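Not measured: the values here are computed from a predicted model.
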Amino acid sequence: MERRSFLKMSAALGCAATVTGCNSSSDDANVVPPTPPVGDEQITWSSCLVNCGSNCPVKVFSRDGVITRVETDHDITDGDDIYQVRACARGRSLRQRTYAVDRLKTPMKRVGKRGEGKFVPITWDEAAKTIGTKLTSVIAEHGNKAIFRSYGSGAYYGFASNACFNRLFNLNGGCLNAYGNYSWAQQMEAAKHTFGTGSTSGSSTVTLSNSDFLLGIAYNPSEIRQSGSGEGYDYLKALQKSNGLKVVMIDPRYTDSMLGKESKWLPIRPGTDAALAEAIAYQMISTGWVDANSLDFINQFTVGYDAASIAAQQAIFAASSDKKEQEYAQVMNPDDNYRDYILSAGIYAGEPLKTPEWAEKITGIPEAQIKQIADDLMASQRPYIVVGAGVNRQANGEQSMRALYMLSVLTGKLGNLGASNGELPYMSGMYRAGIPAGSNPVKESISFFTWSEAIHNGKTMTARTHGIRGTDDLDTPLGTNIKVIISASDSSLLNQHAEINNTADILRDEENGVELIVSCDCWMTPGAKFADIILPDTSWLESNDLVNDSYASGALGYITAMKSAIDPMWDCKSMYEAAALIAKYMGCEAEFTEGKTEAQWLEELYQKTKDSSRNLGVVPAFPATYKEAQAIGFFRKNMNDNHVAMQSYIKDGQALTTPSGKIEIYSAELAWRAANWTQENSAQNPSGIKGDTITPIPQYTVTWDGYEDEDTKVDYPIQLAGYHTKGRTHSSYHNVPWLREAVEDAVWVNPMDAALHGLSSGDKIEMYNQRGSIAVKVRVTPRVAPGVFALGQGAWYSPGNTVGSTGHTLDEGGAINSLTRYQPSPVAKGNPQHTIRVAIKKI
């Protein structure tokens, strides 16, 4: 039965009920309502594709074209290698999300001012023609660099994903590239300049069962990776196998990854992690332990621990025929070495000793506990150190990450099963073929985070000032401003970007700013309200697709052959269909589709997926065709990957991809950038942004809005910590009432702070700073450090009619990015959105 017929029948039944109830004397009162036809219940497989890293499968039940319920995977009995992949509450609420009241139903164009949310329906043909014509004219006038597809991770895994827009642009000369992402930007640079890796090459989570000590800093897989498979599941299994493992967790919050699974929780002040690392390093070095136990390892595998190692590498670079290596040699300074820095010797003789006593005053962690961590690391034979991504999303998070990575180096145990280097755990997965996007002819790229600045200043942004990549030299400008933004499954257009109020002002500028903003999404998000054209996407439960297990699914790999439970509702179309329609008006429809239907594309991609050697041994075996695979739905395989961080280098002798080929405590590239990039805070710019400086060795720095920032702590005395809640993935699922009831959107306040400010659970407060004001409810709990308030990120921005304490409209939605700062980090030019200071008052 078609959904349209079902709705008509429902309306008829409603009329019959009305007649019966209001006119009992009428002949119509005895009308018997028609008996609705009831078809057989259908079961199909789909997937939850939000960016949590797991892509959990879901089983969808429907009848007569209506989804009746959603269940998770429970088709097999759990074993050691093959087990159920149970979706969390988010995946299980997909029926509610699919039928949400704010679903976009038809293409629309803006009729009010940007941000007002005033739109009128238009046809798909008008929408595609408007977009295609504008893209063509902007490319002709400003070049392809004026086109930008903003970073979005709301649905980028399958065939009909936002990769379709990349394919469209690349067929038409390309668009402005972006590097990095909102999750890992600073840690990727930190790992690159330390280990030559991408920050996700730590030992596999399953190897934790071989460890004798776990030190987790901001590591929270039980909430971040909730899947019944995935990193969170592997973490719990590893803890069970390694009975007696000492687990020390350092975090401003007492998270669900603890809850009795830890030996000790040490709450820390946000942004002070590097000070903690330096105090631990001081204990390891000053006691003579490093000299006696790990110095040989350090001398063999690293550069930068002492002056001699830097001088030796400097001589190698100086003798090289490579121009860049010669430039490295010119800026390297052996006196600027890690050992002298930690011990306050040499050029650092005038600085305070990095003792545990010194660090206690900064971090809030007692001196005795810092010494105990050092003792545990020194006693451990297989220390598993892991640093969560929350550390990198701080002001100068690059420094904090590199400082913490140093602890694994000082132990001298890298390369051994059970040890790890501080990076996020390595994950393997099954292969899934995707639509070919082609190569982008545009060579330049900006940091993902600087797009809002590039709207007005892109023309003058350079490598020296903004980290632009792909230009001819440090001072060749990008050359154009962004004129068109295509936002597809993307809340970074507003809600997830820093400093919402400022971003909104930038987007509102139609005269000198962006000329066209397109939002392709399923729901009227805060960012969609700023679009000029809205394209309604199909939801996952309305889609046929092919997806794999994503990037954090742990030991178990899997493939879901998604089958639509219902036909696309209203006038929604997939991103593939939307991009194909725009391609028609850009003269490349034939090249875009290659003459294939969606079904033909999916069959072709399925065959490539089925034939991949990486997928051998899948259970059950792949059938011959995609249609047959849809009937089965879900396929899994344990990848049996026990990756050990640095093993290929330490044990197998494979050089790292750092300039020296070694672990770089002293980074030659960062020394070069410090000498050549424009720094916000340097000897040449001493009044610049506090703490935004580049150094070749990791150093704790006092930053803007940090714990030690004297300029803001009086007016804004509270440190606000953002975190990922179980009720959303970033901003996805915020519009599901079930989840809003299940996971409270409230700011966590320690009882000591509650007493200080006269707060009780349930109170409503305004939190504010110079960038914005938000209204939130209070939850008093001992699960957060004193002096720190903690608020889940991702709530939807919803400005009301009240003016807040600093003149900004009060955000009734409680979006934390109303309070965050746009200040690209010094190395990655990434987001520092966990560095926040606020003041509060009761509402």
Side-chain angles (χ1 to χ4, degrees), residues 114 130-152 162 165-181 185 437-488 490 492-494 497-498 502-520 527 530-533 579 582-583 585-588 677-678 822 824 828-831:
R114 279 191 188 148
T130 300
I131 297 167
T133 302
K134 186 64 176 180
L135 285 170
T136 301
S137 65
V138 167
I139 290 170
E141 182 177 356
H142 301 284
N144 289 78
K145 287 183 289 186
I147 309 300
F148 185 67
R149 187 182 75 73
S150 56
Y151 172 84
N162 49 25
F165 290 105
N166 293 348
R167 178 178 173 85
L168 171 68
F169 295 148
N170 292 342
L171 286 170
N172 289 277
C175 63
L176 181 61
N177 284 291
Y179 64 86
N181 60 58
S439 59
N440 190 345
V442 174
K443 62 180 182 177
E444 294 90 348
S445 60
I446 64 173
S447 161
F448 70 97
F449 189 56
T450 60
W451 65 268
S452 58
E453 189 174 352
I455 288 173
H456 289 125
N457 301 318
K459 186 173 290 188
T460 60
M461 290 164 63
T462 67
R464 190 186 302 275
T465 61
H466 289 81
I468 304 297
R469 297 180 182 177
T471 53
D472 293 337
D473 52 44
L474 284 171
D475 297 308
T476 298
L478 181 63
T480 186
N481 295 338
I482 292 174
K483 294 297 181 182
V484 175
I485 294 177
I486 305 295
S487 171
D490 160 36
S492 71
L493 182 65
L494 186 74
H497 194 54
N502 180 58
T503 304
D505 287 341
I506 292 171
L507 296 178
R508 288 189 187 105
D509 183 6
E510 299 180 53
E511 184 176 350
N512 301 304
V514 180
E515 297 177 7
L516 176 68
I517 299 174
V518 178
S519 177
C520 181
F530 282 78
D532 300 304
I533 300 291
I582 298 169
Y585 287 99
M586 299 187 76
C588 62
W677 280 19
T678 301
Y822 174 80
K829 305 304 179 187
N831 51 316

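- The closest side-chain heavy-atom distance from Asn162 to Asp490 is not below 4.5 Å.
- Annotation: the span from Ile455 atom CD1 to Phe148 atom CZ amounts to 9.0 Å, rounded to 0.5 Å.
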Task: Candidate pair Lys443 and Asp472, rule side chain to side chain contact (heavy atoms under 4.5 Å, CB included), full reasoning - done: CA-CA 10 Å; Lys443 62 180 182 177; Asp472 293 337; 3.1 Å; yes
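- Closest approach of Ser150 and Ile485 over heavy atoms only: OG-CG2, 4.0 Å.
- Annotation: ring-ring contact (aromatic ring centres under 6.0 Å, His included) contacts of Phe449 (sequence neighbours excluded): His497, Tyr822.
- Residues Thr503 and Phe530 form no side-chain contact, since every pair of their non-hydrogen atoms from C-beta on lies 4.5 Å or further apart.
- With hydrogens and angles left out, the side-chain atoms of Asp473 and Thr476 include a donor and acceptor closer than 3.5 Å.
- Put simply, the side chain of Pro441 reaches to within 4.5 Å of the side chain of Asn170, judged on heavy atoms.
- The side-chain contact (heavy atoms from CB on, under 4.5 Å) check on Asn144 picks up Ile139, Val442, with sequence neighbours excluded.
- In terms of heavy-atom proximity, Ile468 sits nearest to Ala463 at O-CB, 3.2 Å.
- You'll find the side chain of Ile533 reaches within 4.5 Å of the side chain of Leu516, heavy atoms only.
- Contact detail for Leu171 and Cys588: the closest heavy-atom pair is CB-SG, 4.4 Å.
- Contacts of Ser519 classified as side-chain hydrogen bond (donor to acceptor under 3.5 Å, both in side chains), with partners at least two apart in sequence or in another chain: none.
- Annotation: cation-pi pair Arg469/Tyr179 present, NZ/CZ under 6.0 Å from the ring centroid and within 45° of its normal.
- Looking only at side-chain heavy atoms (C-beta outward), Leu507 and Ile517 come within less than 4.5 Å of each other.
- Counted by atom type alone, His466 and Asn457 present zero donor-acceptor pairs between their side chains at under 3.5 Å.
- Applying the salt bridge (Lys or Arg N to Asp or Glu O under 4.0 Å) test to residues at least two apart or on different chains, the pairs with a partner in residues 510-519 are Arg110-Glu510, Lys134-Glu515.
- Atoms CG and CG, from Asn481 and Leu478 in turn, are 8.5 Å apart once rounded to the nearest 0.5 Å.
- With values rounded to the nearest 0.5 angstrom, Tyr151 atom OH is found 8.0 Å from Ser492 atom OG.
- Checking Thr450 against Ser447 by side-chain atom types alone, no donor-acceptor pair falls below 3.5 Å.
- Applying the salt bridge (Lys or Arg N to Asp or Glu O under 4.0 Å) rule to pairs touching residues 446-466 yields Arg464-Asp475, sequence neighbours excluded.
- At a threshold of 4.5 Å between non-hydrogen side-chain atoms, the residues Thr136 and Tyr585 do not count as touching.
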- [ ] Run the numbers on Ile482 and Leu176 for side chain to side chain contact (heavy atoms under 4.5 Å, CB included), then give the verdict.
- [x] CA-CA 8 Å; Ile482 292 174; Leu176 181 61; 4.1 Å; yes
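- To the nearest 0.5 angstrom, His456 atom NE2 is 7.0 Å from Ile506 atom CD1.
- When the side-chain hydrogen bond (donor to acceptor under 3.5 Å, both in side chains) test is applied to Asn440, the partners found at least two apart in sequence or on another chain are Asn177.
- Distance check, rounded to the nearest 0.5 Å: CD1 of Ile582 to OG1 of Thr130 gives 10.0 Å.
- The CG atom of Leu135 lies 4.5 Å from the CE atom of Met586; values are rounded to the nearest 0.5 Å.
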